[in-house]
Amino acid sequence: MSAPMVDVRSVHKSFGALEVLKGVDLQVRAGEVTVVLGPSGSGKSTLLRTINHLEKVDQGWISVDGALVGYRRSGDKLYELREREILKQRTRIGFVFQNFNLFPHLTVLENIVEAPVSALKRPRKEATEAARGLLDRVGLADKAGAYPKQLSGGQQQRVAIARALALEPRLLLFDEPTSALDPELVGEVLDVIKDLAHQGTTMIVVTHEIGFAREVADTVVFMDDGRVVEQGSPGDVLDAPRHERTRAFLSKVL
Amino acid sequence: MSSHTLTEVAAPGDPRDAEPPRIVPRRRFGQWTAAGLVLVLLGLAVNSVARNEAFRWDVVGDYFTSAAVLRGLGLTLWLTALVMALGFALGALLAAGRLSANPVLRGVSWGYVWLFRSMPILVQLLFWFNIGALYPTLFGVKTVNLLGPVTVAIIGLTLHEAAYAAEVVRGGILSVDRGQVEAAQALGLSRWRRWWRIVLPQAMRSIVPPAGNMLIGTLKGTSIVSVIAVQDLLYSVQLVYHRTYQVIPLLMVATVWYVIVTSVLSVGQYYVERHYGRGSELAR
Ligand SMILES: Nc1ncnc2c1ncn2[C@@H]1O[C@H](COP(=O)(O)OP(=O)(O)OP(=O)(O)O)[C@@H](O)[C@H]1O
Ligand SMILES: [Mg+2]
């Protein structure tokens with residue numbers, strides 16, 4: 001087996017006295033979709049945020065595409081990278097937030113073009129063309145000039161996905177991408193994510209959509225209380241969970 | 001349509017109606033009476049001001065565009081602009097210090113705002129004006145030669161302005177959702193770019209209204225420098241009326257100029273607000 005695209009090794013993270021990640025291990029292979037499930041407060045968001053160094057880990061390490069995230073190893077020590085190097089790493093990891101976090105003062109097109117132009121130094125014209133292509137791909141070709149507030153939640157989240165894709169990331173992280181949406185808008189966003197999955201994009205998706213997990217995931221990971229309790233194929237984890245806590249959680253959400 | 005027509009129609013929204021019944025708003029006699037009363041009082045006041053010989057509008061006209069008054073107006077305008085610019089530049093630094101992770105910077109910024117908001121501006125101006133008593137020489141030069149009245153006015157007003165500007169800028173930055181910075185970080189935008197392209201334009205929406213207020217306050221507040229004999233608009237008209245004893249007409253000259261400049265600034269503020277309101281529901 002080749003080296004995993006994402007390698008998380010015994011990661012610990014505390015906020016003050018509260019230990020949120022208590023030694024998490026997780027491997028994701030290139031081209032695979034991993035769905036992370038777990039009760040509220042179990043540390044799913046925190047784990048996702050450590051993968052692009054929005055949170056620093058206290059112990060353990062994470063590598064993406066063969067490079068340590070946020071640190072440089074020298075001997076038996078890990079030295080935190082400089083801001084510029086961390087920013088460069090982040091351009092290879094797309095992040096989609098629960099509440100979209102589009103820039104409200106910029107148009108849809110400006111939202112998408114911003115990072116390629118300012119972080120990757122792409123020519124604006126080229127980036128604009130690529131952005132229009134991405135908008136077409138998420139079904140919003142006619143919304144290029146709109147401001148985020150003029151769009152529905154589902155449309156905003158699709159723009160946010162296009163914005164993440166504009167950096168051509170090696171890995172996409174989704175933190176509950178449909179939780180802030182009205183039920184009738186969930187489908188349009190999941191369809192876009194499914195589409196990406198079928199094209200072989202490596203993704204880690206935190207979600208409560210069990211149907212989506214069953215249909216799209218290669219691996220389902222169940223987290224509870226800062227640990228990975230169980231992982232495996234959707235069939236194993238969702239239909240024949242081995243741990244009591246997984247069973248208890250699934251009985252509540254299904 | 002009078003009210004008895006409505007009773008003739010069988011029921012509101014009767015399906016046999018050719019047209020739905022017309023809506024007649026309630027008459028608001030109280031409002032009309034109040035408005036009329038206020039207009040009458042206003043008319044009386046305007047009439048008395050215009051007709052009262054003591055206002056001497058002819059004298060107002062004579063001095064309104066006199067060289068001395070215009071020179072004073074000029075000083076008031078550039079002093080206001082300079083103090084606003086320097087005050088907000090220093091205020092932005094103080095706000096950044098206050099929001100930084102460094103406890104020393106946070107403490108110093110807080111202390112500055114505390115001190116300069118506590119001190120009356122008049123006391124501060126007099127203090128700087130008499131600083132020579134504390135430090136007779138500065139950098140080998142006599143302090144009184146180094147710090148003329150205009151320099152003292154600039155320093156005093158700027159230090160005062162910066163304390164307020166710091167709070168206005170800090171409030172603006174805090175009003176920007178934390179998720180905005182995170183999204184920008186996740187996209188790999190540099191610190192400078194995050195600040196300049198993402199945070200500041202959004203912060204401006206809540207900075208502009210109080211800053212507009214401060215600008216107008218500063219315009220009139222600069223008149224305080226007349227106590228240290230800086231020849232601003234107010235001091236210039238005072239010099240005239242000390243000579244001619246036409247106190248009221250000359251105060252009117254200054255007042256009308258302050259009103260004109262304030263009006264222009266208010267119009268400007270409207271357009272600046274509209275610019276930074278782009279993308280927000282309220283502005284469209
Ligand atoms: N910045 C922070 N400071 C302090 N505590 C935090 C911070 N971020 C998260 N926490 C705490 O860490 C714990 C795990 O949070 P996390 O957001 O990772 O949970 P989650 O599994 O994503 O939950 P949810 O399903 O509700 O999103 C929670 O108890 C939360 O209150
Ligand atoms: Mg979460």
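Scope of the values below: all heavy atoms of this structure, side chains included, with no hydrogens, waters or symmetry mates. Below, chains carry the letters A, B, ... as their sequence lines are ordered, and counting in each starts from 1.
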Practice task
Inspect the surroundings of CZ in B:Arg106 and state if more than 12 heavy atoms from other residues, nucleotides or ligands are less than 6.0 Å away.
Solution key: yes

Handout entry: Check: A:Leu102 main-chain N/O paired with B:Gln180 side-chain donor or acceptor under 3.5 Å
Key = yes

Problem - Heavy-atom closest pair, residues A:Asn101 and B:Gly179 - result: ND2-O, 3.3 Å

Problem - Interface moiety of A:Leu120 toward chain B, non-hydrogen atoms closer than 4.5 Å - result: neither

Handout entry: Per-residue contact mode, B:Arg178 against chain A (heavy atom under 4.5 angstrom)
Key = neither

Problem - Within 6.0 angstrom of B:Trp78 CH2, more than 12 heavy atoms from elsewhere - result: yes

Problem - A:Arg163 vs B:Leu187 side-chain heavy atoms within contact, under 4.5 Å - result: yes

Exercise for the section: Determine whether B:Arg193 and A:Leu87 make a side-chain contact, defined as any pair of heavy atoms from C-beta on separated by less than 4.5 Å. Expected result: no

Problem - Contact origin within A:Phe103 toward chain B - heavy atom pairs under 4.5 Å - result: both

Handout entry: OH (B:Tyr271) with more than 12 external heavy atoms under 6.0 Å
Key = no

Practice task
Ignoring hydrogens and angles, tell me if any N or O in the side chain of A:His105 forms a donor-acceptor pair with the backbone of B:Arg197 under 3.5 Å.
Solution key: yes

Practice task
Please look at A:Pro148 and chain B and tell me whether the side chain, the backbone, both or neither of the residue comes under 4.5 angstrom of a heavy atom of that chain.
Solution key: neither

Practice task
Search all heavy atoms of B:Ala186 against all heavy atoms of A:Phe97 and return the closest pair with its distance.
Solution key: CB-CZ, 4.1 Å

Problem - Check: B:Gln202 and A:Pro104 side chains under 4.5 Å, non-hydrogen atoms - result: yes

Practice task
Using a strict 4.0 Å threshold on nitrogen-to-oxygen distance, state whether A:Arg90 and B:Glu182 make a salt bridge.
Solution key: no

Handout entry: Heavy-atom pair of closest approach, residues A:Ala119 and B:Gly188
Key = CB-O, 3.5 Å

Fill in the blank from the handout: Cut-off 4.5 Å, heavy atoms of chain B, and the answer for A:Arg49 is side chain

